Every structure is written in structure tokens, then in C-alpha cells.
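These notes concern the structure reproduced below.
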Amino acid sequence: MINYKEIEQKWQKAWQDAKAYEPEVSDKESLMVFAAEPYLDMPQHVGHLRTYGTADVYARYMRMKGMNVLYPMCFHATGTPVLAIAKRLQNNDESLIKRLKAFHVSDKDIEKMKDPSYIAEYFRNEMKSSMQAAGYGIDWRREFVSIDPIFMKMVEWQFLRLKDKGYLKQGRHPVGWCTKDNSAVGQHDTRHDVQPELEALVAVKFKDAYSDIYFACATYRPETVYGVTNIFVGENVEYVVASVNGVMMYLSKDAATAMSYQASIKIERDISVKDLLSKRAINPVTKEEVPIFPGYFVKSDVGTGIVMSVPSHAPFDYIALQRLSTSGVKVPMPPYKKLISVEGDSSDEIPALAYLNALKAGINSADDIIESATKQIYNDESRRGVMLVGKYQGRKETEAREGIKKDLLSGGDAFEVYQIANEEPVFCRCGTRIVVKIVEDQWFINYGDKDWKNGVHTALSKISIYPRKLTQAYVNTVDWLDMRAAERAQGLGTKFPFNQSHVIESLSDSTIYMSFFTYVNVLKSASVSPEQLKPEFFDYVINSIGSADAVSSTTGIDIMVIKGCKESFDYWYRRTSSHSGPDLVNNHLTMYLFNHVALFPEKLWPKQIVTNGFINYEGEKMSKSIGSVVPLSDGVAKFGADPLRLAEITAAEIDTDTEFSLESVNGVISRNEFLYNALLDIDSLKGTELEPIDYWLYSRMNRKIEEATEHMDRLELKSAYIEAYFNSIVELKYYLERGGHNQMAMRDYLESVTLMIAPIMPHLAEEFWHALGKSTLAAKERWPTADRSMINEKIEHIYAMIDTVVSDIAQTIELTSKIDANKGKSPKSIKIIIADDWKRSAYNALSKTHKIDEAMRDPSVSGVNKEVLGKFLSQFMKRINSLSPLPEIKNDEVFIGFAGSRAFLSKRFGVPTEIELEGTSKSPRASRALPDRPSLEIIWG
RNA sequence: GCAGGGAUGGCGGAGCAUGGUCAAACGCGACAGGCUUAGGACCUGUUGCCUUAGGGCUGCGAGAGUUCAAAUCUCUCUCCCUGCACCA
């Protein structure tokens, strides 16, 4: 039995002693592999293995291919999550405490975690030890956290230079806002971790016909302003007259409060619904005067609490008017004006009614049915609608919407109202309902800059992207990214240089951290202080501005240290490979490109980005902090690092999400035992002469090396290990089953397999390597190379024929047992008759020419009786188009192969097996032999 | 809504950019047999349908098309997943 715990400890120590993963600058080709910096708010779980393990396998593989490979690691603690945990613990949040306990965090540590800095420290240690336990070949000399002062100096440099280049801008911006905490809220700040979604409504201003006060009618569909028949106000809603940026308006009280975070609002006085109902308002577009009615569906906390009524296209408006009408109120009656027609719809019926009818909905229907009619109209008209009226007549509805919105806004006839778009209200953790606030003078990174985008497109065109299918997603993200907030009022992180009371937003501070790996060890070992890391230092190291001399005198850093940093950066940043999950494509990874294009010399721009799919565990996405997850350290302790690594990393190809079950690890464990036993048994193998089956094994081995290498080079780790591991085992069994017993062949085979599994099961590979009598570290060995001359098509073809014969015999015995003559009998012996050589020649000729007459004229079959030849060839005509040529083998070679397998065949079927050649066989079935399928005769008795 | 990615056997998932070697890799599950006191693990075989000699039929979301030939190419449709920002 393999003791995983024991071999893990043994070889982890050996690697450490040999400094196997602490590469130095050299004249070898360099590669830095790095994976997304993990966030210090939860332990590593087995799902993380997908990304960090893939990076590790790749790093190990490239090292075995002869490159000088660096795999460093750092941790992310910037932003609010760490603070949020501390705060929740201070409030004794039960669910969080429960989760932490599931991760084996002790009561004592939970208590200490009320201090955020302890959270970072705790998880940093936890992650590091989990990663070591999993066998990652990380250079820990370069470890840092994103809140280390020396790192923050680099981030500061980053933002100084972004501003110099004109990429930082100030402006106004809507955010989700807690009025009690006075701060912006993101997903993790809300109750139940809901992402607050923001949306903008257009509030169209209908002037009161008899005063200078406006009805602010909020709508998603300003293009329907042409069909307004009236205005609705809520019956039980409180209304006020308020000045909005100096203009008097009617608004619901709730709206006035909410909007006070978006504009200058002054409530002048209350106004009753009754008063409002007595007024009339003027449509700013059509100039029509319309009445005001009570709308049962109007809510005070949506939009402005006032809506315009478009009964032709809005089912709620239509129903509300119907209800008023039946209760005796005199309201605008049909026909209502149809404003938009959907392609292919020729009826004159107004859409609101048509869609309600389609749902069999009427005046008394429940709101959710009317709601669904509303959604259908919205969808259909947005997708295929064309305007029938107004300035944008004939244009697509979506274009008209944008056009009218723009016209109204610029003409002062409307303004935008932001609100939370979530179906349910969103609450801050403190219990306050979230509103939308417009933040003024907010600093942004302007990813909308045209020239900058062009630069990123250039960079993108030269980067290797895995999986390739994501390429388009990157291209689109580059085009789509626009202004992005760069500073934040709360959270850990580097102070924003142009507003010291804010910190740099934590996605923005993690775009160039990977460059810091290249020289942080030099800074640390020279004990360089943060104060010494002036911008000039980074200008020099990264962009070769100035000289080491000059930087040394400005900063006081030893000149050799500066030169060391520069050399290290230039060396390690030449070639990099970034590894992460697919959720980062739309943000971090694209911003990573933007920032490099802005701040780094072109030759050091990113070279390769690899993203892997998610791992689901018991139906839940493990990358999310919620739900049940298995800590990595638990997985390693239970199954062993290597089986876990192999099972998870090869669970799916890199581009697919997958379900992972810990049970699948068991299959790996038993296969490992088989390999290990085969390895221990080598000495008992006595064969010295190479037999056909040995040539077969060498052929398969070299083919496997070739194929596995191709897959590895394309980061197709699953396919690579199906070859290098799973199929190796299948073939080894095949070899032994067929009597393979050559010690040298077996040793060569197992050495290759051991080296190929070294990247994915590094501990086991060391154990095997040493069991094979080696004294070096497998981790430092070279990946095997295929010897093409050992790939033997003929021998593989012969064994494929034998396999076919095995299944044919089984099938034939099954079928012939039902013949009356054979009832009560059992097979006594089996004859296998190998076809004459001319059949193969004729078959190959036919597969080339596709014509019987031409094939018959082929010189290779000149001596064959024409009638026999014609009859033979004619049987292939029905599948003439799918014939493929066979290797040129002589039937005596085939005979030797079959003869070598006689013992196996006899054992397999429990009866004597004879091999004959067609030419000398006396069997009546001899002439049925085909070149790739010997004829069979089962003798019953 | 916008953008990206998907749809294959009982299940997960290859294959589809280079159409034929595909009843479809690999794994799981199921069934039968072996081993075992029993269970688990492990080993062997079977696992679309039909077939009295190695054959045939149906099939890769739906529909249409191109082709001698389509899981693979083209078009249309339906459904599913992911992201949409100040949040790491």
C-alpha cells in the first residue's frame, strides 16, 4: 500500500532541501507561471486546486521541458471583505461562525478575528500550509500580501503614472448607497449577499396646465410618450411639491427622499391625491392636455411615484382605465393610438389588449398575469418593434427609445432617476434599505480611452489565450470597458494618492502585482524600506528610465540591489503565463492587459492567459464563499495530495465547468497501487529476448509520449493524462495479460510513465523514480521524448487484428451455439486462418483506385485468378468510399504475431487455438479470410 | 436587454476549426460472473435496437440544406449556462 502522507512529507522535504523551486536568474529561457492571488477571507478549498493545481502542473511540465520556471504566490487582502468579516464577528454573526468552524477555525481564533489584521494573518498561514500540502512547487521567498507597505508603494507608483498619462478622470457616478453607514455598498455589504442592481428611468416632465409645477412621470419607455392618454397617481400615496435642482415638481414623498441622494431636493409642501386628481397636465412632446386619474398599481417607492398612462402598449394602464370605467369614472376610452408595430403583425388591435387576450387575461386578472403581458410586449417590441408615429417613425423601437430619451433630456423635458432594480428591496447589513446615490468628483480609470483600447487590442492579438474560445470575450470586454471607479471610501488598501482619505479600489490595485514577484525577494533580502521605494525606482526597474546610479542617490538603495531588481524583472517578465478562473475575464484579466499596455514596455506585455472552468461540488459552485465546501487540507489528508490532484485536474478539459466528486479519487488510488506493484515486480520478469508484444509495448509507449506531449503543449491536461496515465495502465495490463515479461521493456515503460506523471503527481513520481533505482529528483528530470523509429504501425495493427478476432470469436461462439447441430455441444477448438498476401494488396489497390477494374490491373495482384479476385473485391463495393489502406504486412508476420498470442487466446476461450495460413489451410472457411480479419472456424464437439 | 459560451448514449464528458477510420474516447453508473463469512474494494465480461457465423437498423437539441458521405459544414428555430461593473 502506498502511504501518501508519508511520501508527501518525505518528498516535500527533499524538494525544500534541494531548493527545487527557488530558481535564480540564469542564461536559461525563463517562464513565470502565476495564478490569481487568493483572497484572504476563507481557507483554500478543493475547488481552488483546479486553478492553482493547473498552474503547478504547467510549471512543472515546462521545467521538465528545460525552462527555468518560477511559480510564485501572494495574497490579496485589499478592500472590504476582510473588514466585513471582522465586523460580522464583532456582531456575533452565527452563520459566519458556523462556517468558520466548518473550516476548523478554533473558537480562540474566531475571537481573535474580530481584529481584521488577524484574519489576514490567519488565512495567509492557512493557505500557505494547504498549498504546501498539495505539493505546489512555489518559491515562497517571494511571498507577499497586497497590504504590505513595500507592495503598496508600487501601487502608488502605478496610479501616479496612470494620472500622468491622462488615464485618470473625475466625474459623477451612481452607486448603491447606505444612508446610515454613509458609504457605497457592494454585494458583500448587503444582507444575503445580494448584488444591488442599478437602473435609470426617464422621468418625463408634464407641466401642470395651470401652474409652473411639473408632474415627473417615470418610465422605462419614453418612446410611448406619443400615446399618453392621462397620468396616474397612487390612491394611497403621499405626495409632495418639491424643488428638484430648482424646478418645482410633484413627487411621491418616498421618491423625494430617495432622489435627494441624486439631486438637490427641497420639499416645499405636501399635496393631497385629491388635489392632484383635479389637475391637468401637458404632454411635452405632443402638447396635448391630459387628465389625472388614480392608478391602483402605482407604487410610491418606484421611480417618482407618478406614471404616464399609455393604454395602447401598457397592460396595467389599459386595465386600470377599464376598472375606472366600469366603476363609473369617465376616462379616455378606446380607440387608443397604436404606436409601435411588431414585424409580421398586421392586426389593428392594440398590443396591450392583444397580449392580455393571448393570456386570457381581463379586467379582474391578478397583477402577475398583467405583469407577464407587460414583459412580453416589452420583449417583443424591443426586439422587433418599429415606430409608427413621431419623429422616429419607421425606425426600430430601441433606436427610437434612445433617440427620444436623448431629445427629452437635452431639451430639459426629462431627467434621469436612478433606482435599485432588484425585484426585492435590498438592505445593507445594518438593516437600512439601499438607495442610489450620485457620487460627485469620483476618480475613475478611463478604460474608455480610444487610443488605450487600440493598444490593448494590439496586445491581445499577440497573446496566447487558453481556451481559445474565450478570445472573442476578451475582444468584446476591451471594447465594452469604460469608466471604472478607482477609489473607495472604505476598506483596506493603498491610499489614493489624489485623495488621501480614500483607498485605491481593490480590483484596480491588483492589475500589475505579478510584476512585483520578479524582484520582491531582492528587496526583502536587502531590507529595503517602503520610504525608499520612490517612483523613480519603479520607473527605472520597469521602464529603464534614468540609471541605477541616479536612482540609488535619490532613494538611498544600494546600487547593486537596484541592478539586481532590474535584472530580475527583465529576466522573469519576458515570458509569463497567467492562470485563473473564467469569472475574471470581464474585469481583472482585461484590466491586467490595460494596465500593462499603459505602464509597461511593449516587449514585456503579457504573453499568455489561461483560464479554467469552475468546479461544482454537490451541485454548488465552489468558488463562491457561500455553501458547503471541502477545505483543501481535508481533501489532501483524506485522499493524498496526488490522487486528489490527478482526479480533479483531469476531471475536465480546461475550458469546461465540471462536477467534481471526491469518490472519483478512489479510482486513481487503485490505479496507483497497480502501477506501484508492477514496478516492484520488475525484478521478477525474466524475459531478455524482445518478442512481438515487447515491440508493441515500445511502439505504444513512444506513441503515447508523442501524443501526451502534444496535449501538454496545448494545455489539454485531461487528454494528456488520459494518454500518459489512464491508457498507460490499460496498456500495461494488456501487455502482462498477453504474456509480456521482458524486464528491460517494462523498466523503460515505467520510467517514461513515471516522468510523465511527475507534473501531476509529483510525490508519487519521486517515490517511483527512486524505486526504479534513480537517485536524482524526478521534478528536475527531463520530460521523455518520443523515439519515432520505435513506433511500429505493423505490430500495432497485428495486435488490433488480434483484438478484433477475440471479439469475433466470442460473438461467433454465441451465435453458433444456437445452431441445432451444435445443441448440447461445446467448442472443442478454434482455427484462425490468416488471409493470403494478395488479398491485402488487392484491398489496398482498391482503396486507392475505388474501381474494381483498375484494382484488378494492379501489378501486385497479377498472378491471382481473375474470377476469385473479382469476387473478393466486389464485397467491398458497398463501403467503397470509406476504405482506408492497411499497413504493408506479409502474412507470415501476421502469423508470428498470432502464434505469439496462441497461449493467450487458448486461455481466453478455454480451448486449443490453431493458427493457419489460408494457402495451406484445409478449412472450408479458409477462403473467407480478409486481410485485416482472419477467418474463423469453431469446431464443436 | 447586451455580450460570450453551450445542447452528444442511464449520467459526466471527448469528438466537432482538418466531413468518411463513430454505435461514438475516457470516466461513472447498471447488469452478469469471479474473489470474499458478508458488505466494501478489486478483477473479467456485457451495457442503443434487431440478428442461428463476424451482418443490418436507428441515432449525436428541432427543422431544412450542401455532399457519394454530416455528431462534424451552412441556414432557421427552441432551450440552457455565465458575465454585465465599482464588487473581489
Side-chain angles (χ1 to χ4, degrees), chain A residues 36-39 41 76 78-82 173-176 184-189 193 195-198 378-379 382-383 398 439 442 444-445 447 467-477 479-488 491 505-508 510 582-588 613-614 621 625 647 650-653 655-661 663-664 666-667 669-670 673-674 716 718-719 721-723 726-727 730 733 737 804-805 807-822 850 879-885 908 925 928 930 933 935-938:
Chain A
E37 46 174 0
Y39 204 89
D41 63 348
H76 201 195
T78 322
T80 51
V82 167
H173 189 64
V175 293
V185 274
Q187 186 169 350
H188 54 263
D189 301 315
D193 284 323
Q195 171 70 46
E197 289 167 44
L198 275 46
Y378 186 89
N379 283 344
S382 293
R383 208 176 317 184
T398 41
V439 178
Q442 161 87 33
F444 294 91
I445 303 179
Y447 291 122
R468 275 213 314 265
K469 72 180 184 186
L470 287 180
T471 309
Q472 195 55 42
Y474 283 97
V475 171
N476 291 340
T477 305
D479 287 333
W480 165 79
L481 268 184
D482 198 6
M483 303 283 267
R484 179 172 180 102
E487 52 161 342
R488 212 176 172 201
E505 185 272 318
S506 61
L507 253 188
S508 306
S510 60
D583 48 332
L584 302 185
V585 172
N586 284 310
N587 41 64
H588 166 262
F614 287 118
K621 193 186 284 182
S625 56
T650 66
E653 213 60 92
D655 60 346
T656 37
D657 295 350
T658 189
E659 178 75 20
F660 174 70
S661 69
E663 284 66 38
S664 67
N666 288 329
I669 291 174
S670 68
E673 292 293 336
F674 170 80
E716 295 158 358
K718 177 178 177 167
S719 301
Y721 281 101
I722 282 177
E723 282 301 325
F726 289 98
N727 285 347
V730 169
K733 287 181 180 174
E737 188 176 52
T804 310
V805 163
S807 66
D808 284 349
I809 292 173
Q811 194 179 355
T812 305
I813 289 174
E814 168 75 21
L815 289 174
T816 52
S817 67
K818 295 175 188 164
I819 297 172
D820 287 341
N822 294 336
H850 288 193
R879 53 184 178 108
I880 186 71
N881 288 309
S882 55
L883 296 183
S884 52
R908 171 78 174 75
R925 297 185 51 82
R928 297 180 60 114
L930 299 177
R933 262 180 136 158
S935 179
L936 302 175
E937 186 177 358
I938 315 291

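Treat the numbers as computed from the prediction; the structure is a model and nothing was measured. First the proteins, then the strands, lettered A, B, ... as listed; each starts at 1.
- Annotated stems with RNA chain B as a participant read B:1-7 with B:78-84, B:10-12 with B:26-28, B:29-34 with B:42-47, B:48-50 with B:55-57, B:61-65 with B:73-77, given as range with range, by first number; only runs of 3 or more Watson-Crick or G-U pairs under 3.5 Å qualify.
- Residue contacts for Ala473(A): at a heavy-atom cut-off of 4.0 Å it reaches the sugar-phosphate backbone alone, with no base atom in range.
- Closest to the Phe726(A) side chain, of the nucleotides G12(B), G27(B), G54(B), is G27(B).
- Between the CE atom of Met483(A) and the P atom of A85(B) there is a distance of 16 Å, given to the nearest Å.
- Residues Ser506(A) and Val805(A) each lie close to RNA chain B; by heavy-atom proximity, the contact nearer the 5' end of the strand is made by Val805(A).
- Residue Ser510(A) is classed as having no contact, given no heavy-atom separation below 4.0 Å to the nucleic acid.
- Between Ser670(A) and the phosphate of A41(B), there is no side-chain N or O to OP1/OP2 separation shorter than 4.0 Å.
- Rounding to whole angstrom units, OH of residue Tyr447(A) and C1' of A85(B) are separated by 11 Å.
- The distance between atom NZ of Lys469(A) and atom P of C16(B), rounded to the nearest whole Å, is 14 Å.
- Every side chain to side chain donor-acceptor pair (under 3.5 Å) that Ser508(A) has, sequence neighbours left out, goes to Glu505(A).
- As rounded to whole Å, 7 Å separates atom P of G5(B) from atom CD of Gln472(A).
- No contact: His588(A) has no heavy atom under 4.0 Å from any strand.
- Shown here, A17(B) is classed syn by the O4'-C1'-N9-C4 or O4'-C1'-N1-C2 angle, which is within 90° of 0.
- Residue Arg484(A) has no polar side-chain atom (N or O) positioned under 4.0 Å from OP1 or OP2 of C84(B).
- Using a 4.0 Å heavy-atom criterion, one finds that Asn586(A) contacts the sugar-phosphate atoms exclusively.
- Across all strands shown, Ile938(A) has heavy atoms under 4.0 Å from base atoms, whether or not it also approaches the sugar-phosphate.
- A sub-4.0 Å separation between OP1 or OP2 of G4(B) and a side-chain N or O of Asn476(A) is present.
- Summarising the geometry, the separation between CH2 on Trp480(A) and P on A85(B) is reported as 7 Å, rounded to the nearest angstrom.
- For Lys733(A) and C43(B), the shortest distance from a side-chain N or O to OP1 or OP2 is below 4.0 Å.
- When the P atom is compared between G61(B) and U52(B), the two are found 33 Å apart, to the nearest whole Å.
- Counting to the nearest Å, the C1' atom of G55(B) and the CG atom of Leu936(A) are 15 Å from each other.
- Residue Arg468(A) places a side-chain atom within donor-acceptor reach of the base of A17(B), judged by atom type and a 3.5 Å distance cut-off alone.
- As a whole-Å value, the separation of Glu716(A) CD from G15(B) C1' is 12 Å.
- Counting any heavy atom pair closer than 4.0 Å across all strands shown, Leu584(A) reaches no nucleic acid atom.
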